[in-house]
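Working notes for the structure below.
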Amino acid sequence: QVQLVESGGGLVQAGGSLRLSCAASGRTFSRYFMGWFRQAPGKEREFVAAISWNGGSQYYADSVKGRFTISRDNPKNTVYLQMNSLKPEDTAVYYCAAASSGTYLRASGNYQYWGQGTQVTVSS
């Protein structure tokens, strides 16, 4: 069982930056692939970024590549999403998630555990 708690969301102007954190409970955090997803009002949840269990591989949606960076600190049981050059279209609730398998990391159905989400609002 893994419990995930996101933090770091807020209101920021376009062009600004935010860093999201996701704190995980449990001693097996380092065994999980971690991902970030987002959901804007009226839209489906979409993949943002994912990272392998040891941080050696990262995966990004084309819409955030070059602007967002995913990282993890296994001793601290935490995964991060650094978001730079934010755009109004990045406005959404951001969720972190944990997957035991490294296949299909872009698919939300691959993830077994989810956080409650944190709101990110980017004003123009």
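Between the side chain of Arg106 and the main chain of Tyr60, a donor-acceptor pair closer than 3.5 Å is present. Judged by distance alone, the side chain of Ser85 and the main-chain N or O of Arg67 form no donor-acceptor pair under 3.5 Å. Side-chain atoms of Asn74 come within 3.5 Å of backbone N or O of Trp53 as a donor-acceptor pair. In this structure, Tyr94 contributes its side chain and Gln39 its backbone to no donor-acceptor pair below 3.5 Å. A donor-acceptor contact shorter than 3.5 Å is absent between the side chain of Thr121 and the backbone of Leu11. Not one N or O on the side chain of Ser25 forms a donor-acceptor pair closer than 3.5 Å with the backbone of Val2. Looking only at distances, no side-chain donor or acceptor of Gln82 sits under 3.5 Å from a matching main-chain atom of Phe68. Between the Gln3 side chain and the Gln1 main chain, no donor and acceptor come within less than 3.5 Å of each other.
To the nearest 0.5 angstrom, Thr69 atom OG1 is 6.5 Å from Asn84 atom CG. For the atom pair CG (Leu4) and OG (Ser21), the distance works out to 12.5 Å, reported to the nearest 0.5 Å. Distance check, rounded to the nearest 0.5 Å: CD1 of Ile70 to SG of Cys96 gives 9.0 Å. A distance of 8.5 Å separates OG in Ser57 from CD1 in Ile51, rounded to the nearest 0.5 Å. Note that the OG atom of Ser63 and the CZ atom of Phe47 stand 9.5 Å from one another [nearest 0.5 Å]. Rounding to the nearest 0.5 angstrom, the gap separating the OG1 atom in Thr103 from the CG atom in Asn110 is 5.0 Å.
With hydrophobic clusters built from ILVMFWY side chains whose heavy atoms lie under 4.5 angstrom apart, Leu20 shares a cluster with Tyr32. Both Val12 and Val48 belong to a common hydrophobic cluster when Ile, Leu, Val, Met, Phe, Trp and Tyr are linked at side-chain heavy-atom distances under 4.5 angstrom.
At least one side-chain heavy atom of Val64 sits under 4.5 Å from a side-chain heavy atom of Arg38. In this structure, Glu46 and Phe37 have side chains that are not in contact, with every pair of non-hydrogen atoms separated by 4.5 Å or more. No side-chain heavy atom of Met34 sits under 4.5 Å from any side-chain heavy atom of Tyr111. In this structure the side chain of Gln116 reaches within 4.5 angstrom of the side chain of Val5, judged on heavy atoms. Ser100 has its side chain within reach of Gln112: a pair of non-hydrogen atoms, C-beta onward, lies under 4.5 Å apart. Looking only at side-chain heavy atoms (C-beta outward), Thr91 and Val120 stay at 4.5 Å or farther from each other.
For the pair Arg45 and Trp114, the cation-pi test (distance below 6.0 Å, angle within 45°) is passed. For the pair Arg72 and Phe29, the cation-pi criterion (under 6.0 Å, within 45° of the ring axis) is fulfilled.
Between Leu81 and Ala49, the shortest heavy-atom contact is CD1-CB, 4.2 Å. Nearest heavy-atom pair across Ala14 and Ser124 is CB-CA, 4.4 Å. The nearest pair of heavy atoms linking Ala92 to Ala40 is CB-N, 3.8 Å.
Salt bridge absent: Lys87 and Asp90 never bring a charged side-chain N and a carboxylate O closer than 4.0 Å.
No hydrogens or angles considered: nothing links the side chains of Thr78 and Asp73 as a donor-acceptor pair under 3.5 Å.
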(request) Any chance you could lay out the side chain to side chain contact (heavy atoms under 4.5 Å, CB included) test for Tyr95 and Ser108, step after step, and finish with the verdict? (result) CA-CA 11 Å; Tyr95 300 88; Ser108 60; over 6 Å; no
